[in-house]
2 protein chains.
Amino acid sequence: MSLAEITLSDRNERGNGLIEATLTCIAEEGISNATVRKIANYAGVSNGLIRFYFKTKDGIIQAAYQRFLERIFNAAYEAMEEREGEPVERLRTFLGANLSPPIVTPEMVLLWANFLPLTYQDARMTEIREQWYNMTTRSLRELIREALAAEQRVVSDRELRHLSMAINGMIDGLWIEGALSTDKLVTQELREVGLNTAAKILGLESLSVERS
Amino acid sequence: MSLAEITLSDRNERGNGLIEATLTCIAEEGISNATVRKIANYAGVSNGLIRFYFKTKDGIIQAAYQRFLERIFNAAYEAMEEREGEPVERLRTFLGANLSPPIVTPEMVLLWANFLPLTYQDARMTEIREQWYNMTTRSLRELIREALAAEQRVVSDRELRHLSMAINGMIDGLWIEGALSTDKLVTQELREVGLNTAAKILGLESLSVERS
DNA sequence: CATAAAACTATGCAACTGTATAAAACTATG
DNA sequence: CATAGTTTTATACAGTTGCATAGTTTTATG
């Protein structure tokens, strides 16, 4: 490892810490209370240091948003990729991951809600949201197409788009409902309801979960 | 009309204006930028006047949140109530209203996202959210129960809860997806996708929409 | 019209905001 | 060890924040 890499690594480590501190601060205190001084406190450094790693406050917020969306997407995508060659299993894994921790937690939904309004005020934030939204949508559509094809079903582009919209919407809705609900039944049965409903929407009996 | 009522009405009118100004300000500039001075500007009054109608800034934010949730619920509920005695039609109307303007607009979703984090920091905001969430959930569950009963189908409490969760989640998810999407196809086909999917979930062919 | 209450404005204050900058501490290298 | 570069702190600044308060205008009533 060259020296240049070491300092780069140190630099990234501190930068990472600041980004994580930003996410924690926003989740716990809300974006309105996430000031540079509070973020610095969470990271255990003086407030001036933030400017050494990020040019502006907007900069660190954007970096934190990117990290947040990346983490959600990867959690589902990596779980899915482990299943090779079994289209229905891949879809089931992808949906299941989106309906379980660490994606389904109050912290995640809070972060999502705190960031969302910024994507209407800051062009860079809009770009970041659209980038990851497109990746998720495309992945889901492809998974559905392949799962249906595995059962010898071919659907039109229009129908595929509608199915994808419905499933995507239901996943997002259950994600929010589950994370916000104080009712433990809701969070426990979330995965079951989501998979069974997806099975009904797609007409894929093989996707659904047996009752316990 | 007695004088007491006139002054009360005037007072409410100004209070209304301030609440509306708060909602507009939050939707356009985000909760972080919704200061008492900006809100006063939107309402066309001096900043000091807000304190005459609301004890604290939290107070006017809470009042605005209440108004916001009330408006969403009423838009769907009143549309539904017009259909008497036809359970499936009532359900269809309720779902359709939740998938159309004025509920499905970027402004509404933005307001929702801006308020949500506050319900984790302010106990009163939590109460307000839970109050309206319970009303919506109960209404939807009852509508589903009656629509199924009209087709001679009786479901267990557990099954009804699951169906309600799934439909509610899908509606919320499509609501967000539709309002945030810049793709016009999405917003146009939202209602159709939502109703057809609800039909699939409930197994109620009579709920679905014919293709145009 | 007089006058008291209600509605509204103007201004001030301490605390806090993002940012700039200079000084300090630390680290690697000759 | 010296010294140049990097990382970190401390402090200062102008602008903004929620809130308080005193004063002004408007409105209702005898």
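Relative to the side chain of A:V45, the nucleotides D:dC19, C:dT19, D:dT9 differ in distance, and D:dT9 lies closest. Comparing atom distances between the A:T35 side chain and each of C:dT17, D:dT8, C:dT19 picks out C:dT17 as nearest. Checking D:dA20, D:dT7, C:dT19 against every side-chain atom of A:F52, the shortest atom distance belongs to D:dT7.
Checking A:L49 against B:G48, the closest nucleotide of DNA chain D that is more toward the 5' end is the one next to A:L49. Each of A:S46 and B:R37 has a nearest nucleotide on DNA chain D; the 5'-most of these lies closest to A:S46.
For the pair A:Y53 and D:dT8, the criterion of a side-chain N or O lying under 4.0 Å from OP1 or OP2 is met. The side chain of B:R14 places an N or O atom within less than 4.0 Å of a non-bridging phosphate oxygen (OP1 or OP2) of C:dC8.
The CD atom of A:E13 sits 11 Å away from the P atom of D:dT8 (whole-angstrom rounding). The distance from atom CD1 of B:I50 to atom C1' of C:dA7 is 14 Å, rounded to the nearest whole Å. In this structure, CG of A:N33 is placed 18 Å from P of C:dA15, rounded to the nearest angstrom. Whole-Å rounding puts the B:K57 NZ to D:dT16 P distance at 15 Å. What separates CD1 of B:I39 from C1' of D:dG18 is a distance of 11 Å, to the nearest Å. Regarding B:K38, its NZ atom lies at a distance of 16 Å from the P atom of D:dG15, rounded to whole Å. The CD1-P distance, from A:I60 to C:dT19, rounds to 11 Å in whole Å. Nucleotide C:dA23 holds its P atom 20 Å from the CZ atom of A:R51, rounded to whole Å.
D:dT21: Watson-Crick or G-U partner is C:dA10, with both key distances under 3.5 Å. With both pairing distances under 3.5 Å, C:dG30 is matched to D:dC1 as a Watson-Crick or G-U wobble pair.
Every residue two or more places apart in sequence or in another chain was checked for a side-chain hydrogen bond (donor to acceptor under 3.5 Å, both in side chains) with B:E130, and none qualifies.
No side-chain heavy atom of A:L116 sits under 4.5 Å from any side-chain heavy atom of B:N114. At least one side-chain heavy atom of B:R124 sits under 4.5 Å from a side-chain heavy atom of B:Q66.
In this structure, the side chain of A:E192 does not engage the main chain of A:V209 through any donor-acceptor pair within 3.5 Å.
Salt-bridge formation is not detected for the pair A:R90/A:E84: no Lys NZ or Arg NE/NH1/NH2 atom is positioned less than 4.0 Å from an Asp or Glu carboxylate oxygen.
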